[in-house]
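Structure first, commentary second.
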There are 2 protein chains.
Amino acid sequence: MATRTDAPTRREQILKEAARLFAERGFHGVGVDEIGAAVGISGPGLYRHFAGKDAMLAELLVGISGQLLTGAKRRLQEADGVASEAVLDSLIEGHIDFALDDRPLITLHDRELDRLRDSDRKLVRQLQRQYVELWVEVLREVYPGLAEPAARSAVHSVFGLLNSTPHLGRPGSLPGRGATAQLLHRMARGAFAAAGTQ
Amino acid sequence: MATRTDAPTRREQILKEAARLFAERGFHGVGVDEIGAAVGISGPGLYRHFAGKDAMLAELLVGISGQLLTGAKRRLQEADGVASEAVLDSLIEGHIDFALDDRPLITLHDRELDRLRDSDRKLVRQLQRQYVELWVEVLREVYPGLAEPAARSAVHSVFGLLNSTPHLGRPGSLPGRGATAQLLHRMARGAFAAAGTQ
DNA sequence: CAGGGAGGTTAGCGGTCGTTAACCTGAAGG
DNA sequence: CCTTCAGGTTAACGACCGCTAACCTCCCTG
């Protein structure tokens with residue numbers, strides 16, 4: 001884990017605030033002036049850092065999809081030779097960490113995809129598909145009887161389950177991050193088990 | 001089941017098309033001219049049927065929440081004296097039917113709530129909360145060991161699982177409606193079981 | 001110390017969008 | 001047969017929004 005200690009760049013500040021605002025009010029519901037104000041500059045000032053409002057969304061969505069995929073690939077590589085069950089657990093854990101720590105991004109991820117330029121959307125879709133296929137492979141190792149279409153549906157459904165964290169109330173009304181993560185993990189495994197047996 | 005056989009009113013046509021468009025491109029991403037064109041009239045023509053664009057969204061969201069709650073109450077009443085397990089199954093079945101048959105509405109339901117006027121949003125939230133509480137009660141009858149906060153989290157998560165249907169590809173690439181419904185049902189039960197035991 | 005680029009500012013343009021105004025039309029009712 | 005009204009139409013207004021233009025001000029560097 002290469003933890004960042006240096007201060008975030010202006011670009012990163014902007015992306016973070018833009019993600020929050022987009023998640024709260026939707027891409028079209030947020031003006032560039034608001035995004036600028038959130039980082040203490042005027043709206044047009046943003047154009048020193050991004051080609052346009054679309055470019056911010058694109059960078060966010062490509063970034064999320066890429067991060068998820070990269071993280072999953074790393075987990076798979078690290079767990080070479082390990083039991084499939086443990087790999088599946090590792091994938092679930094990674095996704096939960098992401099869902100709990102980057103709620104706005106998780107929200108955007110499946111909500112504003114259609115607002116992207118064609119080329120960006122295709123890229124994001126491709127990354128997402130790879131991520132799903134990776135899960136499907138591991139899942140079918142754990143449950144060999146599971147047909148591929150059913151496995152894909154099961155993976156999408158568990159993503160829906162894990163990505164429900166934004167609906168779980170503000171962080172604080174929850175029983176605590178650890179307990180929530182454990183609950184989600186158990187439920188995901190339970191859902192997969194129910195999909196894979198019978 | 002009081003199946004409608006008469007032709008849909010103009011209002012209903014508009015609501016249906018508006019729901020589809022809002023789900024596809026977001027509330028702010030759709031213009032009134034487009035909604036009008038979808039039912040064969042001009043944009044301003046809509047104002048003979050609705051006070052404004054906001055009013056369409058409000059009616060959609062209030063309608064969804066009300067329908068879900070009403071359906072759930074009916075199911076609970078019909079199943080008086082029946083085992084809690086069967087009641088839970090009935091709730092799940094009802095929610096799945098809704099998610100599979102009214103995908104655009106399911107999408108809107110948790111996506112565009114913040115675009116509502118304060119009073120409408122409060123109403124929708126109240127209906128949603130009642131719906132959740134109803135599930136929580138039944139769930140805790142089936143799994144008495146489950147604490148209330150955990151039960152609420154579990155219910156929200158299972159909603160996320162069931163509401164993932166829009167991500168499962170167009171209806172046709174699926175293994176068939178019946179099979180999909182069964183898979184979702186099994187996974188929901190599996191997730192609840194995992195939440196409720198240990 | 002000159003100069004140049006990075007990173008701001010404000011003013012304003014062009015387009016879009018929700019909404020209103022004014023007008024039209026066909027069918028129903030007395 | 002005249003009236004009324006539900007349900008349309010087009011034109012246009014005002015607001016907002018993304019983006020560009022033009023300008024300013026540090027700070028770094030040769």
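Computed from a prediction, not measured in an experiment: that's the story for all the values here. Proteins get letters first, then strands, A, B, ... in listed order; numbering begins at 1 in each.
Across all strands, B:G52 comes closer than 4.0 Å only to sugar-phosphate atoms, never to a base (heavy-atom distances). A:G31 comes within contact range of the sugar-phosphate backbone alone, with a heavy-atom separation under 4.0 Å but no base atom that close. At a threshold of 4.0 angstrom between heavy atoms, the contacts of B:V30 are confined to the sugar-phosphate backbone, with no base atom among them.
Using bins of under 30°, 30° to 60° and over 60° for the plane-to-plane angle, the ring pair B:Y131/B:F159 lands in the parallel bin.
Closest contact between the side chain of B:Y47 and the listed nucleotides D:dG18, C:dG18, D:dG8 involves C:dG18. The nucleotide whose nearest atom lies closest to any side-chain atom of A:H49 is, among C:dT9, D:dT9, C:dG7, C:dG7. Listed nucleotides D:dG8, C:dG18, C:dT9 differ in distance to A:R48; the shortest reach to its side chain belongs to C:dT9. Of the listed nucleotides (D:dC19, D:dT10, C:dG8), D:dT10 has the atom at the smallest distance from the side chain of B:S42. Side-chain proximity of A:P44 to the nucleotides D:dT20, C:dT9, C:dA22 is greatest for D:dT20.
As rounded to whole Å, 9 Å separates atom P of C:dG18 from atom CE of B:M56. The distance from atom CZ of B:R11 to atom C1' of D:dG8 is 17 Å, rounded to the nearest whole Å. Rounded to an integer number of Å, the gap from NZ of B:K53 to C1' of C:dT20 is 17 Å. Look at CZ on B:F22: it is 13 Å from P on C:dC17, rounded to the nearest Å. Remark: P of D:dT25 and CD1 of A:I41 are 18 Å apart, rounded to the nearest angstrom. What separates CZ of B:R117 from C1' of C:dG18 is a distance of 16 Å, to the nearest Å. Atom C1' of nucleotide D:dT20 and atom CZ of A:F50 are separated by 19 Å, given to the nearest angstrom. The nearest whole Å value for the distance from the CD1 atom in B:I35 to the C1' atom in C:dT19 is 13 Å.
Judged by distance alone, the side chain of A:T9 and the main-chain N or O of A:E12 form a donor-acceptor pair under 3.5 Å.
The phosphate of C:dA6 (OP1 or OP2) has no side-chain N or O of A:R10 nearer than 4.0 angstrom. Residue A:H28 places no side-chain N or O under 4.0 Å from the OP1 or OP2 atom of C:dT16.
Comment: A:R152 engages A:E148 in a salt bridge, judged by a side-chain N to carboxylate O separation of less than 4.0 angstrom. Taking 4.0 Å as the cut-off between side-chain N and carboxylate O, B:K16 and B:D102 do not count as a salt-bridged pair.
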Which is it for A:R125 and A:D114 under the salt bridge (charged side-chain N to carboxylate O under 4.0 Å, His left out) test, yes or no, and what are the steps along the way? CA-CA 10 Å; A:R125 282 241 166 84; A:D114 298 321; 3.6 Å; yes
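Comparing B:G29 and A:G40, the nucleotide of DNA chain C nearest to each residue sits closer to the 5' end for A:G40.
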